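All of these numbers come straight from a predicted model, not from anything done at the bench. Chain naming here is simple, since letters A, B, ... match the order of the sequence lines and numbering starts at 1 in each. The basis for the numbers below is simple: all heavy atoms, side chains too, and nothing from hydrogens, waters or symmetry mates.
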There are 2 protein chains.
Amino acid sequence: MKRAFVEEIHQLHAELCQALADPKRILMLYALADGPTPVGELADQLGIRQSNASQHLAVLRDRGLVTAERSGTTMFYRLRYPAVLQALDLLRGVLKERLQEAGGQAECLMEIAR
Amino acid sequence: MKRAFVEEIHQLHAELCQALADPKRILMLYALADGPTPVGELADQLGIRQSNASQHLAVLRDRGLVTAERSGTTMFYRLRYPAVLQALDLLRGVLKERLQEAGGQAECLMEIAR
DNA sequence: CGCGTATATTCGTGGGTATGAATATAATTC
DNA sequence: GAATTATATTCATACCCACGAATATACGCG
């Protein structure tokens with residue numbers, strides 16, 4: 001059982017986390033929970049340029065987290081693994097705990113931001 | 001409820017994910033599951049330099065994921081939120097699914113790598 | 001206080017990342 | 001096939017990250 005393979009797994013694991021390491025991409029994934037969504041709509045929701053939305057979606061596609069389906073001229077992106085949102089929720093919970101322990105009263109915000 | 005606050009939450013969320021976006025740090029977190037561990041031991045386990053281990057631990061400390069406690073001259077690092085490992089496990093499961101769907105026969109590796 | 005051990009920090013460098021602007025591709029309609 | 005719409009890609013730029021080497025700090029001991 002080659003050491004290189006094990007390292008490769010951890011590399012892929014890290015790259016998966018890396019895909020989540022951007023506020024825009026996090027918002028995109030949560031937005032996709034409502035079902036397949038066109039690129040333009042995602043861009044509008046996030047208030048970013050179309051090209052930027054495409055770039056972020058390319059990252060998510062590359063990591064295998066979303067799939068794209070064409071319908072006419074518009075591209076619908078679909079969330080592939082809902083478990084990703086569970087993972088994000090878990091980390092959000094950690095963040096909430098951390099902020100509470102830090103003494104800030106930001107807990108209320110946590111309920112809303114999503 | 002200011003928009004800036006909500007954006008700040010997502011920024012922090014992303015920074016949390018960013019902390020996980022490195023193979024060495026993932027290994028460190030899993031290693032810390034066994035209880036508080038000195039820096040040198042972590043460095044040895046991962047086969048990295050002491051300074052590099054300290055740097056990675058500084059990132060985890062900065063994101064609030066670990067705490068450091070001094071005992072004499074050695075520093076014991078402790079995992080602060082076990083839920084982080086749950087999140088990592090969820091993502092590992094996603095990775096496993098993805099590799100299986102991709103047709104590779106790397107599933108067996110997934111059982112071991114940790 | 002000087003020495004050794006354990007850890008932290010700084011610094012330089014190479015490589016990666018996010019973004020807007022511009023351009024390219026793809027499908028639909030006329 | 002030209003015009004239109006929706007999306008993708010390329011490019012340049014500014015910023016961030018991982019690493020080793022060197023240096024600094026902190027503690028314990030004599």
Working for side chain to side chain contact (heavy atoms under 4.5 Å, CB included), residues B/R98 and B/L95: CA-CA 5 Å; B/R98 183 163 84 75; B/L95 176 58; 4.0 Å; yes

message = What range of DNA chain C does chain A touch, first nucleotide to last, counting atoms under 4.0 Å from its heavy atoms?
response =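 It runs C/dT17 to C/dT28.
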
key: Worked check of side chain to side chain contact (heavy atoms under 4.5 Å, CB included) between A/V66 and A/M28   = CA-CA 10 Å; A/V66 301; A/M28 275 184 170; over 6 Å; no

Counting only non-hydrogen atoms, which of residues 70-81 of chain B are less than 4.0 Å from DNA chain C?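 Result for residues 70-81 of chain B: B/T73, B/T74, B/M75, B/Y77, sorted by number.
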
Do B/L27 and B/Y30 have side chains that get closer than 4.5 Å, going by heavy atoms? no

Self-check item: Residues clustered with A/L90, ILVMFWY side-chain links under 4.5 angstrom
Solution: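 Traced through the cluster, A/L90 reaches B/L90.
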
Listed in order of residue number, which residues of [range] have a non-hydrogen atom at under 4.0 Å from DNA chain D?
| range | result |
| --- | --- |
| residues 49-61 of chain B | B/R49, B/S51, B/N52, B/Q55, B/H56 |
| residues 16-24 of chain B | B/Q18, B/D22, B/K24 |
| residues 34-45 of chain B | none |

A/V59 reachable from A/L85 in the ILVMFWY side-chain graph, under 4.5 Å edges = no

Anything under 3.5 Å between a donor and an acceptor, one on a side chain of residues 68-80 of chain A, the other on a protein residue two or more places apart or in another chain? List them.
residue, atom, partner, partner atom, Å
A/E69, OE1, A/R78, NH2, 2.4
A/Y77, OH, A/R61, NE, 3.3
A/R80, NH1, A/G64, O, 3.3
A/R80, NH2, B/E101, OE1, 2.9

Sequence neighbours left out, what pairs pass salt bridge (charged side-chain N to carboxylate O under 4.0 Å, His left out) with at least one residue falling in residues 26-40 of chain A?
->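 Every pair satisfying salt bridge (charged side-chain N to carboxylate O under 4.0 Å, His left out) with a residue in residues 26-40 of chain A: there are none.
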
Would you name the heavy atoms of [X] and [Y] that are closest together and state the gap between them?
| X | Y | value |
| --- | --- | --- |
| A/L91 | B/C17 | CD1-SG, 3.8 Å |
| A/A31 | A/T37 | O-OG1, 4.2 Å |
| B/Y81 | A/E97 | CE2-OE1, 3.5 Å |

Check: residues 48-57 of chain A side-chain donor-acceptor pairs under 3.5 Å, at least two apart:
residue, atom, partner, partner atom, Å
A/N52, OD1, A/H56, NE2, 3.4
A/H56, ND1, A/R25, NH1, 3.1

Between the CG atom in A/D22 and the CG atom in A/L60, the distance rounded to the nearest 0.5 Å is 9.0 Å

Check: What distance do B/L20 atom CG and A/L16 atom CG have between them, rounded to the nearest 0.5 Å?
Finding: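 That separation rounds to 11.0 Å.
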
Begin with the C-alpha distance, continue with both residues' side-chain angles, and end with the deciding distance and a verdict on side chain to side chain contact (heavy atoms under 4.5 Å, CB included) for B/H10 and A/K24.
-> CA-CA 8 Å; B/H10 289 117; A/K24 314 285 175 56; over 6 Å; no

Those residues that, when tested against B/E15, pass side-chain hydrogen bond (donor to acceptor under 3.5 Å, both in side chains) (two or more places apart):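 side-chain hydrogen bond (donor to acceptor under 3.5 Å, both in side chains) check on B/E15 returns B/Q11.
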
